[in-house]
Amino acid sequence: IITSLMLLLVVDTKVLHLVESEEEPSPGVGGGFCRWQLNPGMYHYKTVPANRYFTVCLRRAGQTVYQQVLSVERPPTLQGWNWGYCGEYAFYHALYPRAWTVYHLPGQDVTLTCRQVSPVIPHDYQDSSLPVAVFLWDIENKNDYDLEVSIMFTMVNGSGHKDDKSGGHWNEPFHLEKDGDAVSGVLLHHCPAVNPYTLCIAAREKADREVSHQTAFSPKGTCSALWNDLITDGRLDSPTGSSPPTAKGDKVAAALAVGCTVPAQSHNMLEFCLAWDMPKITFGSREREHIRRYTRYFGARGAASPALSHYALTHYRQWEKSIEEWQRPILQDSSLPSWYKSALFNELYFIVDGGTVWTELPEDADVSGGLRSENGGLPAQPAVIKEYGRFAYLEGQEYRMYNTYDVHFYASFALIMLWPKLALSVQYDIAGSVVQQDPTERLHLMSGRCSPVKTRNVVPHDIGDPDDEPWQRVNAYLIHDTADWKDLNLKFVLQVYRDFHLTQDRQYLQDMWPICQAVMESEMKFDLDGDGLIENSGYADQTYDGWTVTGPSAYCGGLWLASLCVMCKMAILLDNKEMYQLYRSTLDKGSTAFDKLLWNGKYYNYDSSGRDLSNSVMSDQCAGHWFLRASGLGDGEFKEKIRSALKSVYELNVMSFAGGHMGAVNGMRPEGVPDRSSVQSDEVWIGVVYGLAATMIHEGMLTEGLRTAEGCYRTVWEQLGMAFQTPEAYCEKSIYRSLAYMRPLSIWAMQLALNASQRDQTTLRPPVVQQLYCTSTPSCAATSGHVSHTERPL
């Protein structure tokens, strides 16, 4: 059922696995890999029969009594194998980056549990970069007699892509012994003209285990020879030497088998590893070569697979310990519902499976194009990027743009809470692009007009397309000219202060301050009437890029006032009285205008255009206030207006939509029907809902917040069956859009809010913050055990 199970997704990043996996085999619950991303950011979906990854062989008294591919499918190839495992006997559990698949072997009194572990470890910037995954097989023999059990791991040299038949690919066995531990397996060298890599299937050797292999076999035809080789004696022939390079049009695969004795009424365990080594990558333009993060520890020669496998098989216990220590406090919190625990950890799949790349900063790179700090720029190579690398993930697997910033605004909570150095690295890259420009004219699809690719002193929409040259050429987005979007600059400012609040990195604050000033100055031009409040321009000029907004609006106006709040705060911290006075006076005026133009007594109107639908209830109307609360601010005298707005959203957008069981619709009419004025107003955006739930929790509405978010989880993970591919949006009729999307990582904002609700904010807040928020400016605050998850029969 969960065919896109992320094992951990051996992914291009692994980042977590951090990303650095260059491939992304995504194992499915039926066995096998189905989602691939070997070329960074470029996905293809292909189930390769020979990658059905594991087969079990049971032998008693020297005779094979059972041999089964652990897959429910019956593919048209490899007919010599025993397919069609009955899914009713298997269950899948996930707490990313761990997963467990339990197989009861019918009629055998044997249970296999495959524990899948990948080093996606918070605050770990070394092992989290490694392109590896470990498969640990616990074998329980409930019989009154001993059994010999072998498990075979098969893998095609390739990913089901057309280049699998390009010729020149070859395999070789290996054995590596180090520090008293030995591993052996097969290396699958894949040699396309662009981005060559080596796959590695490996097993840990021990005295009571027998490791055998088949260096090469053809995955065409019945493939009976390999099947019979295993069934004969529970082991493979283990030929020496490498296989010849494949001829054009041919494919080659490899197999690795490990056997052990399992005494009656007892257990034993077998340990496998999958590694993939693609140390150097190029994007679609082929202009520059990029070096992956993990090469800092394992070299960039393309020969790291044996060492990676050895390291993984000898360190996974520490990884598991670290992951358990991280997850345990949340899993053992009885006040939190199980669905939340599942969503919180399992939505992290996208950190790795978001087309993610984690690279070293090239020695000749200059993140701000030669503009130094004294001129409003940045150091050529900021220390955090130089030390922790460059990080990028896609807006979505179908929306191919890296670090889409209006969406990252929501998703960034996962990074800043779990890998804060990567969050800051992304911010430095964005800041560097702010001060650069690209005057090349191009056509934008919605307006039909031409404008420059990048305007100086505005935040880019994204840092590029993986099929072009990310970081070098930004703004792959072609629908609108985002230089005139009203939210991007503000989202940068809000993230800067939130990141400082959570990290207390003063150097970061000092480096970002001039960039914040520059983007706020650019934003000032959208205040057309000088009332201190910016105005939207009559088209979809913000993250809701299909929902027209005119004049001052709840969403962008709230972000603007929240940004003025944090600019005041940063000015105080940096002792800049002149700028404080500028932002303070603007905030005072803007707050008055915001309240006058948009507050209707219960909530903030969608916009102030006076159109028939301008008084729609927007679920995201408190986004600016959300960030203030996440930054330890926003607890002012107009808190009751925020609570009133949130109650209106809960009553209308949540409880009056789909019976209160599908989260919050983006737009709702006061009379209780969805706003259908645009393709986005009647959608539910999962990441927005998680942010809304976080805001509710900040405001003491815990029950409402959890109920709101639960609707999304139940819809996506249970009703729609979209586990590990959470979409951007769905409608009431179960129509969805953009599978595997970045924004739902905002669920980590809920955890931040829960953490904050457990502390006494007043005693923790620095006096200067209290002083700032005890002023008479109202709208600064106003806008301002083991848990089994996704368990089900196959």
Side-chain angles (χ1 to χ4, degrees), residues 10-12 21-27 32-40 42-53 75 77-78 131-133 152-176 184-202 213-221 223 225-226 229 236-257 272-282 286 289 292 300-309:
V10 190
V11 249
D12 184 47
S21 92
E22 28 267 354
E23 142 188 329
E24 168 193 321
S26 177
F33 299 98
C34 60
R35 193 158 71 212
W36 301 81
Q37 188 241 145
L38 286 156
N39 286 316
M42 309 298 289
Y43 277 86
H44 76 278
Y45 300 81
K46 181 72 173 181
T47 299
V48 182
N51 286 355
R52 277 320 186 188
Y53 68 31
T77 59
L78 305 179
V132 296
M152 179 174 71
F153 188 2
T154 55
M155 178 67 67
V156 169
N157 188 329
S159 63
H161 194 265
K162 61 183 179 180
D163 68 16
D164 292 1
K165 296 183 179 181
S166 62
H169 312 310
W170 58 286
N171 302 342
E172 64 172 326
F174 79 93
H175 172 85
L176 176 62
S184 59
V186 183
L187 304 175
L188 296 80
H189 301 291
H190 198 73
C191 308
V194 177
N195 295 337
Y197 60 89
T198 297
L199 292 172
C200 173
I201 52 177
H213 69 270
Q214 181 54 259
T215 307
F217 68 92
S218 173
K220 296 190 300 184
C223 207
L226 179 69
D229 187 9
L236 302 176
D237 285 345
S238 300
T240 60
S242 60
S243 68
T246 56
K248 190 171 183 179
D250 290 340
K251 294 182 179 181
V252 65
L256 181 69
F272 289 86
C273 177
L274 173 66
W276 51 105
D277 183 22
M278 184 192 281
K280 301 175 182 179
I281 57 171
T282 58
R286 311 287 182 254
E289 185 176 75
R292 292 185 185 274
R301 297 185 298 109
S305 290
L308 283 166
S309 298

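For clarity, every value in this text was computed on a predicted model and none was experimentally measured.
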Heavy-atom closest pair, residues [X] and [Y]:
| X | Y | value |
| --- | --- | --- |
| Trp170 | Cys191 | NE1-SG, 4.0 Å |
| Leu78 | Pro219 | CD2-O, 3.5 Å |
| Val156 | Leu199 | O-CD1, 3.7 Å |
| Gly158 | Tyr197 | CA-OH, 3.4 Å |
| Asp163 | Ser166 | O-OG, 2.7 Å |
| Ile281 | Arg292 | CG2-NH2, 3.1 Å |

Supply the atom-to-atom distance [X] [atom1] to [Y] [atom2], rounded to the nearest 0.5 angstrom.
| X | Y | atom1 | atom2 | answer |
| --- | --- | --- | --- | --- |
| Ser159 | Asn39 | OG | CG | 8.5 Å |
| His190 | Asp164 | NE2 | CG | 5.0 Å |
| Lys220 | Thr77 | NZ | OG1 | 11.5 Å |

Please examine the side chains of [Y] and [X], heavy atoms only from C-beta on, and report whether any two atoms are closer than 4.5 Å.
| X | Y | value |
| --- | --- | --- |
| Lys280 | Pro196 | no |
| Phe174 | Cys200 | yes |
| Gln214 | Asp237 | yes |
| Leu38 | Asn195 | no |
| Met155 | Leu256 | no |
| Pro173 | His175 | no |
| Val132 | Leu274 | no |

Is there a side-chain contact (heavy atoms from CB on, under 4.5 Å) between Leu226 and Leu236 once you walk through the steps?
CA-CA 8 Å; Leu226 179 69; Leu236 302 176; 3.8 Å; yes
Does any N or O in the side chain of Asn171 come within less than 3.5 Å of the main-chain N or O of Thr215, such that one atom is a donor and the other an acceptor?
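Looks like yes, one N/O pair under 3.5 Å.
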Identify all side-chain donor-acceptor contacts of residues 245-252 below 3.5 Å with residues at least two apart in sequence or on another chain.
{"residue": "Thr246", "atom": "OG1", "partner": "Gly168", "partner atom": "N", "Å": "3.2"}
{"residue": "Thr246", "atom": "OG1", "partner": "His169", "partner atom": "N", "Å": "3.2"}

